[in-house]
Amino acid sequence: MPAHARPGGAPPAEAEAADGVLSGVLGWLDAHLEWFAPHRWEEYLPRRPFRAGPLLELLGLVRLLDRSGRLPKDAPFPSRALDLAERAAAAPDFTIGLRRADELFPYHLNLIALLELLGRPQPALRALGEGLLAAGAGGHARPHKPPLGRIELRYFLDRGGFPAPAPLPDIATLYRECLPALRPDVLHLTESETYALTHALFYATDFGARPLTTGPGEPDHLLETVRVLLAVHLSRGSLDLTAELLLCATALGVTADPLVRQGWAALARARRPDGAVPSPVHRPDVLAGLTGDKAAAYLFGSCYHTTLAAGLAAAVRAERGPGAGAAPGPQLPCAAAEEIRHWAAQATTAPDGAYVPHLAPLLVLCVQARDVPVLTEVLRAAEALGRGNDPVVCAAAAYACAQTP
């Protein structure tokens, strides 16, 4: 686990942590805005497949800030961000990429849509995009395409007011095909699958602005899945996914939860003095060996995405209202064998209901680490806590038995 993501001290109140994260994020983005320009990024960092990708993420935050009233789109910082995005859309390579209608076609449409939504319409580009879309260029709306790509495209089209092609169902129908609606098994979800889950929830709820349409019994299972995954990635120090899962928790109405409070505390604690939230690949020792623009480029490249994810989560939380804060609970162990063993020993010798929220996440960590000895100790703790018949416990026990001669 990166040092900046390790727990320490009593967690601050949830509202205090989230507000501090959002203020820091906005200050850092304002100070480092030039690096979102594709040409500036490419002076020191590898060229992105979709050159305006970081700008797309930034405009998504600008939209949420404007929607909530926190920061209007015509304020100085959003206006400067929109200026950069307009210049990126005006570059010749943008139109060439749009005409190609390849796997990046939805992102070209999304940039056009966000610019119009935020008061900077691009009529010529919009007409070109609509024509290609109506002609079925790239086949992006066809049923054989992956569900996540189709719900992403439909979300971009609906948000931007593009007419959707006939083969593309509505958001609610597409959501039923996506990972979070399929009752995923948390014991075996990969990191990429977890990203797929969070993004499907972003699109299905419009980042917390609309309720999710679910089937019988699904809400409880989905809430528990999000809580368990939040704890898993919090234990690993993966602040990207911690931020995305906090956003999902807010969008789904999770309140007064100690794990959510610890998630916000982790983002607040990891935040650098300048407001940036480091990504899992950020290394302070590497940054310390750089100077000038090389240092600035490394800092931006290794922080911008997690910083934006934290800002999105905090903006959605602020828009939905603070809700009831949770009291501090026992500290979730880090994803290290010795720490999990210590937790299991405590939970076994002095069972306490406060340990129960950690049980499923620790089972996930043990199964995914293929660490059967530590898994066995956590299973003993589950019995001591009276949770031996919980579905995740039973599945983990079956896995342990299959691994043991």
Side-chain angles (χ1 to χ4, degrees), residues 1 5-18 20-21 180 184 186-187 189 191 194 197-198 201 208 219-271 277 306 309-310 312-314 316-317 320 322-336 339-340 342-344 346-347 352-368 378 381-382 385 387 390-393 396:
M1 175 179 283
R6 292 193 68 85
E14 189 178 320
E16 175 190 345
V21 166
V186 290
L187 285 176
L189 272 185
E191 186 174 281
T194 303
L197 180 144
T198 61
L201 288 174
D220 289 344
H221 185 274
L222 182 56
L223 287 173
E224 183 61 14
T225 297
V226 168
R227 289 182 67 263
V228 170
L229 292 173
L230 170 61
V232 166
H233 292 285
L234 185 56
S235 288
R236 289 175 173 160
S238 177
L239 299 179
D240 274 1
L241 277 170
T242 294
E244 293 199 8
L245 288 158
L246 283 171
L247 196 163
C248 291
T250 301
L252 296 174
V254 177
T255 59
D257 190 302
L259 290 173
V260 170
R261 176 173 179 164
Q262 288 181 38
W264 282 113
L267 294 182
R269 189 169 49 246
R271 189 183 59 177
V277 182
T306 307
L312 286 166
V316 170
R317 186 188 182 281
R320 288 287 293 262
Q331 182 60 51
L332 181 70
C334 295
E339 295 201 26
I340 297 175
H342 179 68
W343 177 95
Q346 288 183 310
D352 185 328
Y355 288 108
V356 171
H358 300 168
L359 183 57
L362 295 183
L363 291 171
V364 172
L365 291 170
C366 292
V367 168
Q368 294 192 359
V378 178
L385 292 166
R387 311 302 295 220
D390 286 5
V392 175
V393 177

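Between P357 and R227 there is a side-chain heavy-atom pair separated by less than 4.5 Å. You'll find the side chain of H221 reaches within 4.5 Å of the side chain of P184, heavy atoms only. Side-chain contact between E14 and R317: present, with at least one pair of heavy atoms (C-beta onward) separated by less than 4.5 Å. Inter-residue side-chain proximity for V378 and W343 is flagged as met; some heavy-atom pair is nearer than 4.5 Å. The side-chain heavy atoms of L363 and L359, taken from C-beta on, include a pair separated by under 4.5 Å. Counting heavy atoms from C-beta outward, E244 and L312 have side chains that stay 4.5 Å or more apart.
Taking CD of Q262 as the start and CG of L267 as the end, the distance is 12.5 Å to the nearest 0.5 Å. One distance of note links CD of Q368 with CZ of R236; it measures 4.5 Å at 0.5 Å rounding. One distance of note links CD of E339 with CG of L362; it measures 10.5 Å at 0.5 Å rounding. Atom NE2 of H358 and atom CG of L234 lie 9.0 Å apart (nearest 0.5 Å). Between L247 atom CG and L241 atom CG the span is 12.0 Å, to the nearest 0.5 Å. In this structure, T198 OG1 and L246 CG are separated by 11.5 Å, a value rounded to the nearest 0.5 Å.
When the options T225, L229, T250, V228 are evaluated for a side-chain contact (heavy atoms from CB on, under 4.5 Å) with L245, the one that passes is L229. The side-chain contact (heavy atoms from CB on, under 4.5 Å) test with V226 is passed by exactly one of V186, L201, V254, V260: L201.
Minimum interatomic distance between A381 and A344 (heavy atoms only, all atoms of both residues): CB-O, 3.9 Å. Contact between A17 and W264 at its shortest, heavy atoms only, is CB-O, 3.7 Å. The two residues A251 and G208 make their nearest non-hydrogen contact at CB-CA, 3.7 Å. Heavy atoms only, all atoms of each residue included: A310 and V21 are closest at CB-CG1, 3.8 Å.
In this structure, D352 contributes its side chain and A354 its backbone to a donor-acceptor pair below 3.5 Å.
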